[in-house]
There are 2 protein chains.
Amino acid sequence: MSVSKCTRLSGALVKQLLDSVDSILFDCDGVIWRGDQAIPGAPQVINLLKENGKRVFFVTNNSTKSRKMYADKMTALGFDVTEDEVFGTAYCCAMYLKTVCKLEGKVYLIGSNAMRQELEAVGIQQTGVGPDHICGKPIDWANVPLDPEVKAVVVGFDEHFSYMKLNRAMQYLTQQGCLFVGTNRDTRLPLEGGKAVPGTGCLLQAVETAAQREAQTVGKPNHFMFDCVASQFGVKADRCLMVGDRLDTDILLGSNCGLKTLLTLTGVSTVADAEAHQKSGCPERQGMVPDYYVESIADLLPALQG
Amino acid sequence: MSVSKCTRLSGALVKQLLDSVDSILFDCDGVIWRGDQAIPGAPQVINLLKENGKRVFFVTNNSTKSRKMYADKMTALGFDVTEDEVFGTAYCCAMYLKTVCKLEGKVYLIGSNAMRQELEAVGIQQTGVGPDHICGKPIDWANVPLDPEVKAVVVGFDEHFSYMKLNRAMQYLTQQGCLFVGTNRDTRLPLEGGKAVPGTGCLLQAVETAAQREAQTVGKPNHFMFDCVASQFGVKADRCLMVGDRLDTDILLGSNCGLKTLLTLTGVSTVADAEAHQKSGCPERQGMVPDYYVESIADLLPALQG
């Protein structure tokens, strides 16, 4: 079936699309909230979708929050959400190590408290989070103490990233059989006012360059996050819609997994970006063209209230 | 003229090669020393070359020492060397900013004390070196204080590299007109016993990924280090020999600048590596094939003593 892509979603088309799916995956930042503020109308949309019998899930590459932290934030913003509907990379990374890698051993963790908590929740030990830098005296970098039980290096967002952590990760990764997993490859975290800060992708690339190895990442656009949702809730790809603000992560995840895709313009990507991908003629870039777009997910409200 | 490459240098060929050059550039680590020990015979080779009227220079990508620190180390190891014969990336980076960029403004420096000293020596101000990490309370990363006089970000080896430094570099680099210079792209620093630690290339790549910009690097294989030597001492490329242990930096620098090239096997690269480049048929890799190789630069001794 040939479908014209990147269609503006409005009028009767909204109900038609919603009727064609049972489950909807939402990215978070730039989609249902921006920073600490809900996108106007977003809580009503989510809550009405659930009242209308849709299954709603949240998939985010941000690794700085646990499922519980996300559920608490969402509840405070007026979303009717439970922990088990939230799939962040902190949680998915722990699931990947547990269910796919069947890791037996400790994790050397470059990451956040949230990542530590999600690893502990599935029974995986880790080496701890927080500062690890030098204080004064010269260091024998190549012979820093290593934990012999470590069998995996995991890299997520870490505001305490340091040369010492980079070095320790490299030393572990040159040991035989050490797994190497990253939460995601986002190079920047966009903030309000056009500002941004370095994303996990920068840290991961430094470790990959040092270790001369490529990490397996669990975040979007890798299909693992959808696999997680699908296996726990029996979601069928052809009855599922992915809603996001980024073409290179959200929309590409949707394409990679055979989902319907909807771009919302309250975040990073624009319709012009999508059209440039469409016109490129490059098959890889075509996967970043959404089926539909809306100005905001609030545009779904009339069809849900009607 | 077609010349067979990667020839073992011995017998009469040694004198023939030495007679064909006036200047010889030596890499340091893996060539004239390993760690804190001189390669056996290396001091005699260097000293005899100078007694025989050759000009000898030292070109190293290592940015952790100033010219003075190098000269002191060499003198202690028995080399007859003066500061002005040493071209490290700390010094060359300062020269690049001064003479090529004609920088007017401060440098935001990710680097060592040696880099700070070399910048100060040419009259360039910088923001300081040492630890810059977070201590406890949450940080507004996108709004960290910036110095309005900074007009360049410079990245060299920095054992205090941190997420804070990565973030500050990115914030400066998104300002209009901010220069971006790296000392070198070596991804690993090889150490004794097959060990290694992350090199400047890892840090530079993290900053480039965050800033979405490519840095100009001054280190080998970029021709700038040879330009420095040549302009200060009137060295002619066709009367100059480059001696090094790495094909991708030392030998490629020589090829890039039209120098004769000699690989020594006391460091990183092997003859098999060179032959693989030669057989590749790839023009880019052919530049990494040396004209000659020796087991050690001590192999030059007989021709110098005879």
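Order of the sequence lines sets the chain letters (A, B, ...), proteins ahead of strands, with each chain counted from 1.
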- prompt: Between B/G201, B/P198, B/C202, which shows the greatest number of heavy-atom pairs under 4.5 Å with chain A?
  reply: B/P198

query: Checking side chain to side chain contact (heavy atoms under 4.5 Å, CB included) for the pair B/M170/A/R188: CA distance, chi angles, key distance, verdict?
result: CA-CA 10 Å; B/M170 173 182 158; A/R188 284 183 170 189; 3.5 Å; yes

field: Residue list, ring-ring contact (aromatic ring centres under 6.0 Å, His included) with B/Y91, at least two apart or on another chain
entry: B/F87

task: Count the heavy atoms of every other residue, nucleotide or ligand shown that sit under 6.0 Å from CD of B/E192, and state whether that count exceeds 12.
output: yes

- line: From the list B/E208, B/Q205, B/M164, the residue making the most non-hydrogen contacts under 4.5 Å with chain A is B/Q205

task: Look up atom OG in B/S162 and atom NZ in A/K165, then write down how far apart they are to the nearest 0.5 Å.
output: 11.0 Å

- prompt: Any idea which heavy atoms bring B/L203 and A/Y163 closest together, and the distance?
  reply: CD2-CD1, 4.1 Å

Interface residues of residues 58-66 of chain B facing chain A - heavy atom cut-off under 4.5 Å: none

message: Given heavy-atom pairs under 4.5 angstrom as the criterion, report whether the side chain, backbone, both or neither of B/A196 touches chain A.
response: both

query: Residues of residues 173-187 of chain A under 4.5 Å from chain B (heavy atom pairs)?
result: A/T174, A/T187

task: Name the region of B/Q171, side chain, backbone, both or neither, that has any atom closer than 4.5 Å to a heavy atom of chain A.
output: side chain

message: Tell me whether the count of non-hydrogen atoms from other residues, nucleotides or ligands lying under 6.0 Å of NZ in B/K73 goes above 12.
response: yes

- prompt: Any residues in residues 140-147 of chain A near chain B, with a heavy-atom distance under 4.5 Å, and which are they?
  reply: A/W141, A/A142, A/N143

query: So B/V197 and A/L166, side chain to side chain contact (heavy atoms under 4.5 Å, CB included) or not? Walk me through it.
result: CA-CA 9 Å; B/V197 297; A/L166 172 61; over 6 Å; no

